[in-house]
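Accompanying notes for the structure given below.
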Amino acid sequence: MKSITKTTAARVTAVAVGAMLLTAAAAAAAANADELVGGDSTVDVTVEVAPLTEPGVLAMTVAGTEVALTEGTSDAPAVREFTGQLPTVTITDTRTAEEIPDAAAWYVLGTTSDFVGDAGQAPIGAGHLGWRPNLVDGGASGLVAVGDEVVTVIDAPTQGENNVGLVDQELFASAWDSEDVAADGAWTANADLFLRTASDVAPGNYTSKLTLSLFE
């Protein structure tokens, strides 16, 4: 084993002292880095978020979900009549002309189900309910129209063969050129409803469902 000479010991001591000096210098530099020199410099970061552009839509809303028919005076002694009014129906179109298909037309059809009794009574057929659509606001274009009156199966026809009741899909309102009327934006209509039955109809509460559907 070699002995450590004075020269080797001096070198080791010099290296150790140098390492200590470097460590002290690094610590001093780190300490100096924690001291703010001058003021802060800031940069504003901005971004513009554009609003989402949703496509326009053709839509229908109904102002209510229930109609209670009340009995009135019938012109025929053998007939009982119950009347009410369909809640206001609103059609809106927020589409641009470019979003509307060429030659498109929109229309609303209505149909009803049989009146079902709550105590096992025989149902009252859907053909016993009729309506008379009314245009409330047809827009500035004047190109929106309501459908014709549909009377019940126990009535004499008032035009054509319209004594069928709301058994099938009957026209409620229409615009035969969607693009021509789109600038109006919205249209409203309602309908007079009338249920006519035989005078011997079973007493009790009855319920039916009237369905409106928008097509284009």
Next item on the list: In sequence, state the C-alpha distance, the side-chain angles, and the governing distance for Met60 and Val89, and then conclude on side chain to side chain contact (heavy atoms under 4.5 Å, CB included).
Entry: CA-CA 7 Å; Met60 176 179 68; Val89 178; 3.8 Å; yes

Checklist line | side chain to side chain contact (heavy atoms under 4.5 Å, CB included) between Val201 and Ile124, intermediate numbers included | finding: CA-CA 8 Å; Val201 63; Ile124 301 172; 3.8 Å; yes

Next item on the list: Kindly determine whether Glu149 and Thr158 satisfy side chain to side chain donor-acceptor pair (under 3.5 Å), including the steps that lead there.
Entry: CA-CA 8 Å; Glu149 176 186 52; Thr158 57; 3.0 Å; yes

Note to self: Would Val151 and Trp131 count as a side chain to side chain contact (heavy atoms under 4.5 Å, CB included) here? Give the steps.
What the structure shows: CA-CA 7 Å; Val151 296; Trp131 72 6; over 6 Å; no

Next item on the list: For side chain to side chain contact (heavy atoms under 4.5 Å, CB included), just list the numbers for Asp148 and Asn162, CA-CA rounded to whole Å, side-chain angles, deciding distance to a tenth of an Å, and then say yes or no.
Entry: CA-CA 9 Å; Asp148 295 329; Asn162 70 332; over 6 Å; no

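Side-chain atoms of Thr112 come within 3.5 Å of backbone N or O of Lys209 as a donor-acceptor pair. Under the 3.5 Å distance criterion, the side-chain polar atoms of Asp184 are left unmatched by any main-chain donor or acceptor of Ala186. Counting only distance, with no hydrogens or angles, the side chain of Thr152 and the backbone of Gly165 share no donor-acceptor pair below 3.5 Å. Checking side-chain atoms of Glu71 against main-chain N and O of Glu81 turns up no donor-acceptor pair under 3.5 Å. With hydrogens and angles disregarded, a donor-acceptor distance shorter than 3.5 Å links the side chain of Ser74 to the backbone of Val79. Checked by atom type and distance alone, the side chain of Gln121 pairs as donor or acceptor with a backbone atom of Ala119 at under 3.5 Å.
Arg80 approaches Ser199 most closely through the heavy-atom pair CD-O, 3.6 Å. Minimum heavy-atom separation, Val164 to Val153: O-CG1, 3.7 Å. Minimum heavy-atom separation, Pro101 to Arg95: CD-NH1, 4.0 Å. The minimum heavy-atom distance linking Ser113 with Ser208 is given by the pair O-OG, 2.6 Å. Nearest approach of Val67 to Pro87, heavy atoms of both residues: CG2-CD, 3.4 Å. In plain terms, the two heavy atoms of Leu109 and Leu171 that are nearest each other are CD2-CA, 3.7 Å.
Side-chain contact of Thr111 with Glu170: a donor-acceptor pair under 3.5 Å is absent, judged by distance alone. Residues Asn163 and Asp155 have side chains that never bring a donor and an acceptor to within less than 3.5 angstrom of each other. A donor-acceptor contact under 3.5 angstrom links the side chains of Ser178 and Glu216, judged on distance only.
Counting heavy atoms from C-beta on, the side chains of Val108 and Ile91 come closer than 4.5 Å. Between Thr88 and Val62, every side-chain heavy-atom pair lies at or beyond the 4.5 Å cut-off. In this structure, the side chains of Pro123 and Phe115 stay at 4.5 Å or more apart for every pair of heavy atoms.
Taking the ring axis of Phe194 as reference, the NZ or CZ atom of Arg196 stays within 45° of it and closer than 6.0 Å to the ring centre.
Other residues, nucleotides and ligands contribute more than 12 heavy atoms inside 6.0 Å of the CD atom of Gln159. No more than 12 heavy atoms of other residues, nucleotides or ligands sit less than 6.0 Å from atom CG of Asp75.
Taking OG1 from Thr61 and CG from Leu212, the interatomic distance works out to 11.0 Å, rounded to the nearest 0.5 Å. Here the OG1 atom belonging to Thr90 is positioned 10.0 Å from the CG atom belonging to Asn190, to the nearest 0.5 angstrom. Here CG of Leu166 is found 10.5 Å from CG of Leu195. Values are rounded to the nearest 0.5 Å. A distance of 9.0 Å separates NE2 of His128 from CG of Asp114, quoted to the nearest 0.5 Å. With rounding to the nearest 0.5 Å, the separation of CG in Leu214 from CG in Leu58 is 4.5 Å.
Hydrophobic clustering (ILVMFWY, side-chain heavy atoms < 4.5 Å, transitive): Ile100 and Val181 are in distinct clusters. By the criterion of side-chain heavy atoms lying less than 4.5 angstrom apart, applied directly or through intervening Ile, Leu, Val, Met, Phe, Trp or Tyr residues, Leu86 is grouped together with Leu129 in one hydrophobic cluster. Cluster annotation: Val146 and Val136 are assigned to distinct hydrophobic clusters (Ile/Leu/Val/Met/Phe/Trp/Tyr, side-chain heavy-atom contacts under 4.5 Å, transitive).
Partner of Phe82 under the side-chain contact (heavy atoms from CB on, under 4.5 Å) criterion, chosen from Thr70, Leu193, Leu69: Leu69. Put simply, the residue from Trp176, Trp187, Phe215 that forms a ring-ring contact (aromatic ring centres under 6.0 Å, His included) with Trp106 is Trp187.
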